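Structure record follows, encoded as structure tokens.
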Amino acid sequence: MVIVCSAKELEKVLSRAPRFPTPKVELEQYPTDSRTAAQLLWEAYMRGDIFEKVVADLGCGTGILSLGAALLGAKIVLCMEIDPVCVVSAVKWFKDTDVYYVIDPIVCDVRVSAVRSIDTVVMNPPFGVHRRGADLEFLRVAMAMKPRSIYSIHKLNPNSHRLITCLAEEYGYSASVIAIADMMIPQMFDRHRKRVHRFKVGIYLFRRKVNKGVKRE
Ligand code: SAH
């Protein structure tokens, strides 16, 4: 069942996402703003990748992408997160909605998860600022799940674009930037100097190529 009927309406619901209760810099716990989250999910929905699909949200945080996918009619949403404190907040929020029953919260390290048979992955992974390569690690995990489509947010710069497209090729996926968004990160940690840090991100779509095997797992 689809509960929202426009990207704007979705954004409005998602603007109520809880904040990170105890933000952890080592896990790069930066929230996706509701506009970018709604944009990513709407793009996925319009391409037929959400409605009645099995969706995994890797590093779900307090659940903004998971709840959005559920509101757009996903069959099941696996809301996967390493920090149990975030998952508790997410579940409290989900319980206020009518789509609570489709979301399966899983506290796990996605790098060692055995989850398979996913149609679509949505994620805003760590950007790899604190731990270099964390973004690519998440992408590897997502591609090893062999979904048809992956929607993921990444910093927009030529070097990371090159690494991302090479990795996609290796796993038999095409990679394209389907939208550019302004990411706003509020001052959360002591080392943040500005009240709000703004930068450009790309919403990437990775599509599994037909008849192409996955090179590695
Ligand atoms: N998807 C959320 C949070 C993005 S921040 C949102 O869009 O708002 C990245 C998230 O990945 C954080 O919540 C962090 O705790 C989680 N994370 C980092 N490493 C992880 C790992 N190895 N396994 C699972 N989750 C992880």
Side-chain angles (χ1 to χ4, degrees), residues 7 10-11 13-44 50 55-72 74 77-94 103-115 118 120-145 147 150-155 160 179 181-189 192 196-199 201-204:
L10 180 63
E11 181 183 335
V13 180
L14 298 184
S15 68
R16 295 183 214 124
R19 288 163 180 256
F20 282 99
T22 50
K24 299 179 182 69
V25 67
E26 69 280 9
L27 292 174
E28 299 195 37
Q29 292 186 334
Y30 301 114
T32 311
D33 65 274
S34 53
R35 178 182 294 187
T36 306
Q39 193 179 5
L40 180 151
L41 291 164
W42 196 258
E43 293 282 350
I50 301 286
V55 177
D57 175 3
L58 306 189
C60 64
T62 59
I64 192 165
L65 295 176
S66 291
L67 185 73
L71 292 169
L72 291 171
V77 184
L78 305 180
C79 180
M80 302 167 72
E81 168 61 48
I82 200 166
D83 184 355
V85 181
C86 293
V87 179
V88 169
S89 289
V91 168
K92 273 194 198 138
W93 186 39
F94 301 157
I103 309 177
D104 198 353
I106 304 171
V107 177
C108 68
D109 182 337
V110 296
R111 293 169 298 181
V112 290
S113 146
V115 165
I118 301 294
T120 306
V121 168
V122 293
M123 62 182 186
N124 179 10
F127 287 135
V129 173
H130 186 80
R131 201 164 55 78
R132 255 178 105 82
D135 49 344
L136 296 179
E137 209 167 52
F138 262 63
L139 265 183
R140 271 192 204 98
V141 169
M143 289 175 188
M145 289 178 174
I150 300 165
Y151 293 82
S152 183
I153 299 174
H154 297 274
K155 274 184 306 174
S160 64
D182 286 307
M183 193 74 147
M184 285 178 296
I185 293 183
Q187 191 175 36
M188 294 166 71
F189 304 114
H192 288 171
V196 180
H197 176 50
R198 287 169 212 272
F199 55 100
V201 291
I203 299 177
Y204 277 78

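All ligand and atom numbering here is 1-based and tracks the order in the structure. Since we're looking at a predicted model, the values are computed, not measured.
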Tightest non-hydrogen contact, residues Met123 and Ala142, listed as CE-CB, 4.0 Å
So the atoms of ligand 1 within less than 4.0 Å of a heavy atom of Cys60 turn out to be 1 (N), 2 (C)
Among non-hydrogen protein atoms, atom 20 (C) of ligand 1 lies closest to Phe138 CZ, 3.5 Å
If we number the atoms of ligand 1 from 1 as shown, the ones under 4.0 Å from a heavy atom of Glu28 are 5 (S), 9 (C)
Correct closest heavy-atom pair for Thr32 and Ala37 would be CG2-N, 3.7 Å
CG of Asp104 to CG of Asp57, rounded to nearest 0.5 Å, is 12.5 Å
Out of Gly59, Ala37, Gly61, Pro18, the nearest non-hydrogen contact to atom 10 (C) of ligand 1 is supplied by Gly59
Distance col, row Leu41:CG vs Tyr151:OH, nearest 0.5 angstrom, shows 10.0 Å
#### Entry: Close N or O approach (Asp109, ligand 1; < 3.5 Å)
yes
- Message: Regarding ligand 1, does Ile64 bring an N or O atom to under 3.5 Å of one of the ligand's N or O atoms?
- Response: no
Answer yes or no: does an N/O atom from Gln29 fall short of 3.5 Å to an N/O atom of ligand 1?
-> yes
Contact region, Phe127 to ligand 1, non-hydrogen atoms below 4.0 Å, reads neither
task: Using distance alone, determine whether Asp57 and ligand 1 share an N or O pair under 3.5 Å.
output: no
Just distances here: any N/O of Phe20 and N/O of ligand 1 closer than 3.5 Å?
-> no
Going by distance only, is there an N or O of Glu81 that falls short of 3.5 Å from an N or O of ligand 1?
yes
CG (Leu72) and CD1 (Ile50) are apart, to the nearest 0.5 Å, by 6.5 Å
Atom 23 (N) of ligand 1: closest protein heavy atom, distance to 0.1 Å, is Val110 N, 3.0 Å
Note: ligand 1 atoms sitting under 4.0 Å from heavy atoms of Asn124 are 4 (C), 5 (S), 7 (O), 9 (C)
Worksheet entry | ligand 1 contact by Gly63, heavy-atom criterion under 4.0 angstrom | no
The protein heavy atom nearest to atom 8 (O) of ligand 1 is Thr32 N, 3.0 Å
For Pro126, the atoms of ligand 1 under 4.0 Å from one of its heavy atoms are 18 (C)
query = Is Glu28 reaching over with its side chain to a backbone N or O of His130, donor-acceptor style, under 3.5 angstrom?
reply = yes
Between the CG atom in Leu136 and the CE atom in Met143, the distance rounded to the nearest 0.5 Å is 9.0 Å
Closest heavy-atom approach to atom 25 (N) of ligand 1 among Val85, Leu58, Ile82 is made by Ile82
Going by the 4.0 angstrom heavy-atom rule, the piece of Cys108 near ligand 1 is backbone
Carboxylate-amine/guanidinium proximity below 4.0 Å for Asp33 and Arg35 | no
Quiz item: Are any of the heavy atoms in Pro31 under 4.0 Å away from ligand 1?
Solution: yes
Please lay out, stage by stage, how Tyr204 and Leu139 fare under the test side chain to side chain contact (heavy atoms under 4.5 Å, CB included). CA-CA 11 Å; Tyr204 277 78; Leu139 265 183; over 6 Å; no
The reported gap from OG in Ser160 to NE2 in His154 (rounded to nearest 0.5 angstrom) is 8.5 Å
Between the CG atom in Leu14 and the CH2 atom in Trp93, the distance rounded to the nearest 0.5 Å is 5.0 Å
